[in-house]
Amino acid sequence: MTNKQQGFATTAIHVGQEADPATGAVTVPIYATSTYLQEEIGKHKGYEYARVSNPTRDRLEINLAALEGGTSSKVFASGMAAINAIVSMLKSGDHVVAGHNLYGGTPRLFNNVFANFGMTFSYVDTSDVKNVERALQKNTRIVYLETPTNPLMELCDLRAISDLAHQRGIDVVVDNTFMSPYFQRPIEFGADMVVHSTTKFLNGHSDGLGGVVVCTKPEQNEKLAFLQKAAGAILSPFECWLILRGVKTLAVRMLQHDCNGQRVAEFLSRHRKVQKVFYPGLPDHPQHELAKRQMTGFGSMIAFETGSLDNANKMLRKVRVCALAESLGGVESLISHPATMTHAAVGEEGRRKIGITDGMVRISVGIEDADDILADLDQGLAAI
Ligand SMILES: *Cc1c(COP(=O)(O)O)cnc(C)c1O
């Protein structure tokens, strides 16, 4: 649990990150072992087999639970493995209400895997709580949210949706990957579980995949621990260590991401080749007030409209500081084209419904010098 007296950066650097009791090593050791010595039948140090538990993993789970203000957490081999574990807690006949503009892999998992096992999914625009209310059914077990959404940066009101769901005994799950716990802690607004692709800001260096589910109740933790053991999509001790290392700089990285994000958003919104900018930190964002209420910063995810596929491509061919690549949340600026990359699987019709155009470009602003990022975008946009 987060010590209320202790700040976020201190928690990130110290909780679960205590020196190794055996040697005094100041960083958590990577316990590269598949099994553990037992003294006699049934007598061991709490570890039997590494699918079930691993000391490096334990430390990361303590740390991430503290950062999100949850009671415990369980880490998985990727963000998708974590989301898979959440839905695996449900059963045939259960219904999920989800945002209509989720990370593309999430509806793919829901519709192409879990729908085959008798679960049903409704997708609604969660920026209006009334849409969520209308979609709730007797068998709804989970409301599954992302805020802000990718790439349109639409928000949903976590407090309002949590209150609504809780009146009916429904759990709220929030994918908090875009903001990281540094800028948004959904549990404080009523969320029952928080999921992350740690691949993004938590790890922060684009060098390893991972996922986490943060819990607020012991029964969630028990089910997820069982799923780690039963299904086995656990995170390796090396990847756990990378994230333990990454979160130590989460606070300073997020501050710089936010600062650079704001500058890039303002630059783009003034640029004559850019028709529209999607960033909750701009005063003309339709949910700017909600953003100020439920986030403590606006992050570095920005989408903007170049007008056409051809314009987008002209620009993306030119950029040099910004790397044309999927993913986000790394120290390096990553720029992508949602229509052909992250949202290709949604289909043209699906993209039209959500509002993703062929001319839309998304940038995950890194922590390079802001002037270099701006110069790079400017010379890229000059090609249009
Ligand atoms: C990347 C991402 C995921 C999936 O995570 P992986 O680690 O790639 O499996 C889920 N949700 C969001 C919001 C993401 O950005």
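If you read the sequence from its start, that first residue is 1, and numbering goes on from there. When a ligand or atom number is given, it counts from 1 through the structure's own listing order.
- Under the 3.5 Å distance criterion, the side-chain polar atoms of His271 are matched with a main-chain donor or acceptor of Lys273.
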- Item | salt bridge (Lys or Arg N to Asp or Glu O under 4.0 Å) evaluation trace for Arg352 with Glu349 | CA-CA 5 Å; Arg352 203 178 44 73; Glu349 169 68 14; 2.9 Å; yes
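- Closest to atom 1 (C) of ligand 1 among all protein heavy atoms lies Lys200 NZ, 1.4 Å.
- Given atom 6 (P) of ligand 1, the protein heavy atom at minimum distance is Gly79 N, 3.4 Å.
- In Arg245, the CZ atom is not crowded: 12 or fewer heavy atoms of neighbouring residues, nucleotides or ligands sit closer than 6.0 Å.
- Near Ser197, with a cut-off below 4.0 Å to any heavy atom, the atoms of ligand 1 are 1 (C), 2 (C), 3 (C), 4 (C), 5 (O), 6 (P), 7 (O).
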- Task: Report the C-alpha distance between Phe201 and His257 in whole Å, list the side-chain angles of each, state the deciding distance to 0.1 Å, and finish with yes or no for ring-ring contact (aromatic ring centres under 6.0 Å, His included).
- Result: CA-CA 10 Å; Phe201 289 102; His257 277 299; 5.0 Å; yes
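- Regarding atom 9 (O) of ligand 1, its nearest protein heavy-atom neighbour is Met80 N, 2.9 Å.
- Tyr123 and Phe110 have parallel rings, their planes meeting at less than 30° on a 0 to 90° scale where 60° marks the start of perpendicular.
- In this structure, the protein non-hydrogen atom closest to atom 11 (N) of ligand 1 is Asp175 OD2, 2.7 Å.
- Residue, atom and distance of the protein heavy atom nearest to atom 4 (C) of ligand 1 are Tyr103 CE2, 3.4 Å.
- In this structure, Gly210 counts as a contact residue of ligand 1, since one of its heavy atoms falls inside 4.0 Å of the ligand.
- Side chain of Asp376 to backbone of Arg320: a donor-acceptor contact under 3.5 angstrom is found.
- For atom 7 (O) of ligand 1, the choice among Leu109, Thr199, Thr106 with the nearest heavy atom turns out to be Thr199.
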